Structures are given as structure tokens and as C-alpha cells.
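As C-alpha cells, the structure follows; a few thoughts come after it.
Computation of the quantities below employed the complete heavy-atom set of this structure, encompassing side-chain atoms and omitting hydrogens, waters and symmetry-equivalent molecules. Keep in mind it's a predicted model, so treat the numbers as computed, not measured. Below, chains carry the letters A, B, ... as their sequence lines are ordered, and counting in each starts from 1.
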2 protein chains.
Amino acid sequence: MTRKLRRDSETPAPDRADGPSRRATILDVARAAAVSPATVSRVLTGRKPVSGELSQRVRRAASGLRYHPNPAAQVLLRGKHDTIGVVVPDLANPFFSEVLKGVTAGAASEDRQVLVVDSNEDPLEEHRGAMRLARWVDGLVLCSPRMPAALLKEVADTGTPLVVVNRGTRDPRIDRVLVDYHGGMRDLCDHLIALGHERVAYLEGPVDAWSEQQRQRALRAAGKRGLQVLGIPCGSGMADGYQATETALETQPTAVMAFSDYVALGALTRLAELGVSVPGEISLTGFDDIPFAALAGPGLTTATVRKAQIGDLGWRQLHERLEDHRKPGTVTVPSHLVVRGTTGWSRPSA
Amino acid sequence: MTRKLRRDSETPAPDRADGPSRRATILDVARAAAVSPATVSRVLTGRKPVSGELSQRVRRAASGLRYHPNPAAQVLLRGKHDTIGVVVPDLANPFFSEVLKGVTAGAASEDRQVLVVDSNEDPLEEHRGAMRLARWVDGLVLCSPRMPAALLKEVADTGTPLVVVNRGTRDPRIDRVLVDYHGGMRDLCDHLIALGHERVAYLEGPVDAWSEQQRQRALRAAGKRGLQVLGIPCGSGMADGYQATETALETQPTAVMAFSDYVALGALTRLAELGVSVPGEISLTGFDDIPFAALAGPGLTTATVRKAQIGDLGWRQLHERLEDHRKPGTVTVPSHLVVRGTTGWSRPSA
DNA sequence: TTGTATGCGTTATCAA
DNA sequence: TTGATAACGCATACAA
């Protein structure tokens with residue numbers, strides 16, 4: 001026994017008063033235009049030829065019924081989502097929100113949509129979010145993922161094309177967009193060395209972050225050039241920078257280098273509270289050059305990097321991979337030293 | 001003549017070498033577990049009773065094949081997307097990225113996903129984005145939408161449940177989350193009045209923004225209390241604040257009030273460049289209390305508002321509406337004066 | 001408790 | 001050029 005289709009119901013309830021009237025389907029349009037659903041589809045997709053006569057009727061009926069195709073049905077049929085996913089550690093961090101802005105701008109320009117997940121700096125949440133998103137999207141951009149390599153592999157194993165931002169990996173299936181943290185940190189260190197600094201405290205970022213490893217690599221290299229660097233466990237938030245600052249001062253440095261501008265701004269707040277003059281007593285550096293770095297009191301010395309470009313490149317790698325089946329590769333974004341007011345000549349207080 | 005199903009193909013290509021092996025479907029699992037697809041579905045959804053025996057087999061097969069149900073098929077069948085949409089004017093503006101963070105946090109806590117659109121402050125783009133998203137989501141949160149009422153109505157007409165943040169509307173189908181801009185601006189004005197200010201320039205936000213109208217209402221009221229306010233066309237970006245500042249100074253005010261902190265930080269930059277001392281020669285106020293407001297040089301006097309809470313409330317209204325079919329309503333978020341360093345006694349320079 | 005069959009809304013294939 | 005129909009992958013009503 002065949003169940004009746006709802007639309008074949010004997011009580012059609014024509015134009016029900018105000019109810020949440022069911023969305024029009026292609027069959028409604030077909031009926032209204034007195035053509036077959038296939039013809040409606042052909043008119044609307046515009047791929048196959050249809051006579052002007054019918055085309056008119058269909059268009060009229062479609063707009064009259066406010067018809068728009070059901071994306072879920074299209075996705076099911078075509079296997080394409082027209083959607084990409086982005087996972088970021090913290091949307092409140094201007095670095096990531098600007099990267100995200102870059103991705104969305106690119107995606108929107110090609111009529112793609114963006115699903116976003118904020119992992120709250122939690123590697124497991126990051127992995128869960130990525131795995132869940134993988135079923136909903138054509139491709140995934142993972143920003144500064146902190147998850148272990150094994151979990152990253154698991155994400156890649158879903159078969160969803162993957163772009164990682166600021167994460168090294170040998171997996172040949174994964175595209176990479178990397179910032180030159182090593183070069184940026186080297187320049188910052190040399191800048192401090194030139195100012196006579198010999199002993200600096202470094203507010204460390206998340207240990208799992210690839211970019212953190214790059215920075216530390218540069219710091220070790222600077223050690224050989226005469227800069228003594230003391231690592232202070234910190235984190236990637238403003239609050240982390242705020243809290244780690246006092247510990248950093250206990251090491252009697254003449255300068256504090258922060259993982260990022262976001263962290264540095266937290267540190268700057270604490271330094272002001274403690275009555276430590278910057279750069280009089282202590283110099284301070286950040287990284288990323290977020291828009292507010294320039295405004296902070298003396299203006300933060302940092303390494304600038306084009307954040308929206310990072311997002312745009314992430315989108316482009318994904319797009320080219322999806323459309324042209326290009327092989328994954330790596331693109332590197334440069335960073336440049338920006339000297340502002342938080343760095344000055346070393347004046348050891350001891 | 002019936003086309004053969006791909007999975008009934010006579011050349012099954014069992015475990016094809018390395019290719020992008022087709023994702024497992026429920027049928028694959030059913031076959032592997034030697035049960036019917038219905039049973040697989042029952043086990044995985046957990047709604048209907050299944051014997052422990054089969055349940056085991058199914059689970060094993062499913063995880064062995066790394067099976068996850070195809071969301072598109074579920075959406076098509078259930079008519080639910082488990083996804084909501086968020087439209088913001090500018091992701092680079094910390095106010096909006098924090099509101100977005102609030103929404104995503106709420107949505108994630110209930111296993112929903114978030115599609116995000118950045119309209120770049122363009123009302124038409126905003127409308128287009130919302131209309132496109134409407135087909136993909138269960139509900140929509142529009143943050144500070146600037147689109148005309150007619151277009152907003154058009155979005156509501158799609159039938160997609162709608163929450164607007166910081167936008168008034170009489171449409172009874174739309175939920176509202178509103179910040180008390182009027183109260184916040186009143187407090188800021190009174191603060192300036194108490195400091196002896198009589199003539200201030202106001203850097204106006206987007207004319208289409210509801211929140212801008214609320215602010216201007218408060219400014220007019222302050223006019224009756226003796227504060228002369230001169231409107232300076234500006235905008236909602238940092239660059240807008242930067243550029244409008246010089247014009248504002250030409251009106252010889254003793255204080256500048258900005259549409260938002262974001263704008264105020266731009267103004268502060270320009271004031272510093274022009275060598276105008278704050279608050280010595282000019283006092284400055286913002287609105288929102290973004291995290292960087294406290295750090296800017298003297299520390300920005302502003303009205304604070306809980307941004308993540310706004311997002312959370314937006315999510316909750318949507319959620320309750322979707323789950324409990326509650327009627328739309330309005331919730332108002334308070335704002336509180338925060339006096340920092342950018343406001344001081346009026347010292348007319350003229 | 002389990003299996004069979006059907007439809008969600010769309011597009012592609014085939015026949016006319 | 002158009003129309004009928006079969007899939008896409010899943011969850012449910014129904015039969016067993």
C-alpha cells in the first residue's frame with residue numbers, strides 16, 4: 001500500500017491563512033507552470049536548453065511561489081556542500097578573527113559559505129569540531145591547530161581536503177599556510193640586541209602550537225648571538241600575559257618578549273599596574289601587529305603580518321584543491337619588524 | 001530498465017588501493033553487520049529497541065568502517081539543519097567577534113553549528129547573506145543589521161526564525177536582543193557634564209544602525225541638560241574614527257564622543273598624531289568596552305556591556321523558539337559607565 | 001525485535 | 001526540446 005504524498009492530499013488547504021506555510025518545492029513550481037519538474041530544474045540551473053515560452057512560465061511561477069531549491073537535496077545529490085569549515089582557537093583574539101575574515105571574504109566571493117568553530121584553545125574540542133565539520137563541508141581550514149599529530153591525521157583521514165594555518169606537518173594530503181615566525185622573532189631579537197639587551201624573559205605560548213616551536217627556535221639561535229632568553233610558561237590569551245608578567249619580572253630581565261600582541265597587551269596592562277615604566281625599565285615586544293598594538297600606550301614593538309591575507313591564502317589553497325585538484329603545497333607569509341614605543345635601550349635595574 | 005546501483009556493481013573493487021575511497025554508507029554497515037539498514041539506523045540513533053547482540057555487531061561494523069551518517073540526507077529527511085546562521089557587519093570589530101563567540105559557544109553546547117557571514121558593513125550584502133543563509137539553517141541571528149525594514153521583512157518572510165541584535169522592529173515574528181545604548185550614552189553625557197563640558201563633538205555611527213538612533217536620542221536629551229552636541233559624520237570603523245577626528249576638532253569641542261570604542265581608538269590614534277593631549281585638551285569617550293579600550297594610552301572612558309552575553313542571549317532566544325515554540329520577545333542588556341583616563345575636567349582652549 | 005519499502009527534494013539519464 | 005523516472009543516504013511506518 002502506497003502512502004499518499006502530502007501534496008496529493010485530498011484536503012489541499014489552499015493558501016492556509018497565516019501558518020508557517022510549507023516552503024515551495026520544485027513540484028509546486030512545476031504544477032503552477034504546468035510543466036514537469038525536470039523542466040523547472042533545467043530552467044533554474046540554466047544548464048540545458050529550454051524554450052523561451054516555458055522558461056518564462058517557470059520563472060514566473062518560481063518567483064511567484066518564492067521558490068528556492070532545497071540545498072540539502074542538492075548536496076545529497078551532487079555530493080558538494082558549497083560550504084567550507086574553519087576552526088579557530090579563540091574568536092576573541094583579533095589575530096584569529098581577522099584570519100577568519102580573510103577566509104569568509106574569499107569564500108563569499110565564490111558563493112561558498114563558512115561554518116565556524118571556536119575551540120576555546122582546547123585541542124580535544126578542536127579535534128571534535130573538525131571531525132564534526134568534516135561531514136558538512138567540502139574542505140576545512142584549521143587555524144593554528146594545537147591537536148596532536150595523530151588526531152590531525154585522523155581529520156585528514158576523513159578524506160576532507162585540509163588546509164592548516166601555522167602548523168607544520170609531513171602529511172602530503174594537507175595544504176599549509178605558514179607565517180615566518182622564525183624570521184620575525186629573529187628580527188625582534190636582533191632589535192633588542194642592538195639596544196643592548198642581554199637578558200630577556202619570553203612569555204611562552206601554547207606548547208602544542210607549531211608557531212611556538214618556530215619562535216623558540218629563533219630564540220635559541222639568538223642565544224648564540226648573546227641574548228639570554230628565559231622561558232616563562234604563559235599561554236595565548238590576554239589574561240595569560242597579564243598573569244605571567246610578574247613571574248617574568250622576577251627573572252630580572254631588561255626586556256619581555258611575548259608570544260603575541262594579544263599576550264603582550266595583557267602584559268602591558270600588568271606592567272602599568274605594577275608601576276613598571278615601558279620602555280624605561282622594561283622593553284616589551286609582541287607578534288602579529290593586531291590593530292590595537294599601535295594604540296597601546298607607547299605603541300607596541302612587534303612583527304607585522306598580513307592576517308587577512310593568511311585567511312585568503314587558506315581559502316585559495318582549498319579552492320584550487322577542490323576545483324583544480326591541485327596537489328597540496330606550502331605557502332609562507334612574511335613578517336616584518338615594526339619598531340614602536342615599547343622597546344628602548346637596555347637599562348639594567350640591578 | 002533499471003540502472004544498476006553502484007554498490008551492486010559487478011566489479012566491486014574491494015578496498016581500492018589508496019584512492020579517495022567512497023565514504024561508507026549505512027548500507028555498507030548493514031552488509032558488514034549482516035543486518036538490515038533499518039537496524040543500523042535504529043542502533044545508531046538509539047531511539048528504537050535493538051537486541052544487544054545485533055547492537056554489538058552494528059557498532060563494531062560502523063566504527064570499523066568509520067561510518068558517520070550523511071548529514072545532508074538527515075537534513076533532507078528531518079527538515080532540521082542543526083545549524084544556525086549569524087550575520088555580522090565586520091568580523092574585525094572586536095565587538096562583533098565577541099558577540100559571535102557568544103553565539104558559537106551556546107550553539108556548540110547544544111551540538112549545533114554556526115554559519116557565519118561578514119557583510120562588510122554593506123546593507124545589501126547583509127541582506128543577500130541572510131537570504132542565502134536562510135535556506136541552510138534552522139534560524140538566523142542578525143547582528144546590528146543595517147538593512148532597510150523592507151528587506152528585513154523579506155528575510156522574516158522566508159519563515160526562518162529570526163533574532164536581531166541591536167535592531168528595533170515591530171515585526172512580531174522577530175526576537176530582539178537590545179543593548180541599552182540610551183542609558184549608556186546618558187551616563188556618559190552626565191559624566192562629561194559633571195566635568196564641566198558644555199560643547200562636545202559626536203562621531204556618528206552608521207545612519208542605518210538602530211543603536212545609532214538610540215545614542216542620538218540620548219544626546220538630544222543631554223542637549224536639554226546643557227550639553228551642546230555637534231554631530232560629525234563618521235562610521236563604525238577605526239579608520240572612520242581616525243579620519244573624522246580632525247573635522248571634529250574644527251568644531252572646537254572640549255570633548256569628543258565616539259560611536260564605539262572601536263571608532264574611539266581610531267580617534268585616539270589621530271589625536272596623538274596631532275599632538276592633542278587627552279584628556280588635557282580633549283576628553284574622549286567610546287562605547288562597548290572592548291578589551292583593548294582599557295589599554296589604550298590613558299585608558300578609554302566608555303560604557304561597558306557584556307558582549308559574549310549578547311551572543312549567548314541571541315542563541316538562547318533562537319533555541320527556545322526552535323525547541324519550545326516560544327513566542328518572540330525582547331531582552332535588554334544593560335550597560336554601565338566605566339570611567340578611565342580619557343575624560344577629565346573641561347579646559348576650553350578658546 | 002527485525003526486515004521491507006517508501007519518501008524527503010533535487011538533478012541526471014533515458015526515452016519520446 | 002520535453003517528460004517520466006531513478007537515484008543521492010537516511011529514518012520511519014508498516015509488515016512480519
Side-chain angles (χ1 to χ4, degrees), chain A residues 1-9 22-58 61-62 65-82 135-136 138 159, chain B residues 1-9 22-59 61-62 65-82 135-136 138:
Chain A
M1 199 186 306
T2 301
R3 259 189 302 168
K4 289 210 172 214
L5 298 181
R6 198 163 20 145
R7 55 178 165 276
D8 286 342
S9 164
R22 185 176 56 86
R23 261 168 180 151
T25 74
I26 201 171
L27 278 176
D28 299 318
V29 178
R31 191 153 320 154
V35 296
S36 80
T39 298
V40 176
S41 177
R42 285 189 276 249
V43 170
L44 267 32
T45 62
R47 295 202 196 307
K48 309 274 166 150
V50 178
S51 72
E53 158 74 13
L54 291 195
S55 187
Q56 284 296 329
R57 288 222 306 268
V58 167
L65 293 171
R66 280 206 178 71
Y67 169 76
H68 295 270
N70 181 328
Q74 295 178 314
V75 168
L76 185 56
L77 198 57
R78 307 203 294 233
K80 277 197 48 183
H81 296 261
D82 289 354
R135 307 277 317 168
W136 291 84
D138 297 320
Chain B
M1 199 185 308
T2 300
R3 256 189 306 167
K4 290 210 174 215
L5 298 182
R6 198 169 14 148
R7 54 180 167 274
D8 286 344
S9 165
R22 183 176 58 86
R23 261 169 180 151
T25 75
I26 200 172
L27 278 177
D28 299 318
V29 178
R31 191 155 318 155
V35 297
S36 80
T39 298
V40 176
S41 175
R42 285 190 276 249
V43 170
L44 267 33
T45 61
R47 296 202 194 306
K48 308 277 166 149
V50 178
S51 74
E53 158 73 15
L54 291 194
S55 187
Q56 284 296 328
R57 288 221 309 266
V58 168
R59 262 180 242 287
L65 292 172
R66 281 208 177 71
Y67 169 76
H68 294 271
N70 181 326
Q74 295 179 314
V75 168
L76 186 56
L77 199 56
R78 306 205 291 234
K80 279 196 48 182
H81 297 261
D82 289 353
R135 306 281 315 171
W136 292 83
D138 297 320

Establish, with yes or no, whether the OP1 or OP2 oxygen of C:dT4 is under 4.0 angstrom from a side-chain nitrogen or oxygen of B:Ser36.
-> no

Among C:dT1, C:dT11, C:dT10, the nucleotide that comes nearest once only the side chain of A:Thr45 is considered = C:dT11

Closest listed nucleotide, where the reference is the side chain of A:Tyr67 and the choices are D:dT2, D:dC8, C:dT10 | C:dT10

Would you confirm whether B:Arg66, through its side chain, and B:Ala24, through its main-chain N or O, come within 3.5 Å as a donor-acceptor pair?
-> no

Working for side chain to side chain contact (heavy atoms under 4.5 Å, CB included), residues A:Val35 and A:Val40 | CA-CA 7 Å; A:Val35 296; A:Val40 176; 3.7 Å; yes

Per A:Ala73 side chain, nearest of listed nucleotides D:dA13, C:dT10, D:dA11 = C:dT10

Hey, which sits more toward the 5' end of DNA chain C by its nearest nucleotide, A:Pro69 or B:Thr39?
-> B:Thr39

Atom pair distance, as rounded to whole Å: CZ in A:Arg23 and P in C:dT10 = 11 Å

When rounded to the nearest 0.5 angstrom, what distance separates NE2 in A:His68 from OG1 in A:Thr25?
-> 13.5 Å

Taking atom P of C:dG9 as reference, at what distance in whole Å does atom NZ of B:Lys80 sit?
-> 17 Å

Integer-rounded Å distance: D:dG3 P and A:Glu53 CD = 11 Å

Round to a whole Å and report the spacing from CZ of B:Arg42 to P of C:dT1.
-> 11 Å

Whole angstrom is fine here: how far is it from CG in A:Asp82 over to P in C:dT10?
-> 15 Å

Quick one: is B:Gln74 getting a side-chain N or O under 4.0 Å of the D:dA11 phosphate, OP1 or OP2?
-> yes

In whole Å, what is the span from the CZ atom of A:Arg57 to the C1' atom of D:dT1?
-> 13 Å

So, is B:Ser51 near the phosphate of C:dT2, with a side-chain N or O under 4.0 Å from OP1 or OP2?
-> yes

Looking only at side-chain atoms of A:Ala38, point me to the closest of D:dA4, C:dT10, D:dC8.
-> D:dA4

Protein-nucleotide distance (B:Leu27, atom CG; D:dC10, atom P), rounded to Å | 8 Å

For B:Leu76 and A:Ala73, work out which heavy atoms get closest and say how close.
-> CD1-CB, 3.9 Å

Between C:dT2 atom P and B:Gln56 atom CD, what is the distance in whole Å?
-> 13 Å

In this structure, CZ of B:Arg42 is separated from OG of B:Ser36 (nearest 0.5 Å) by 5.5 Å

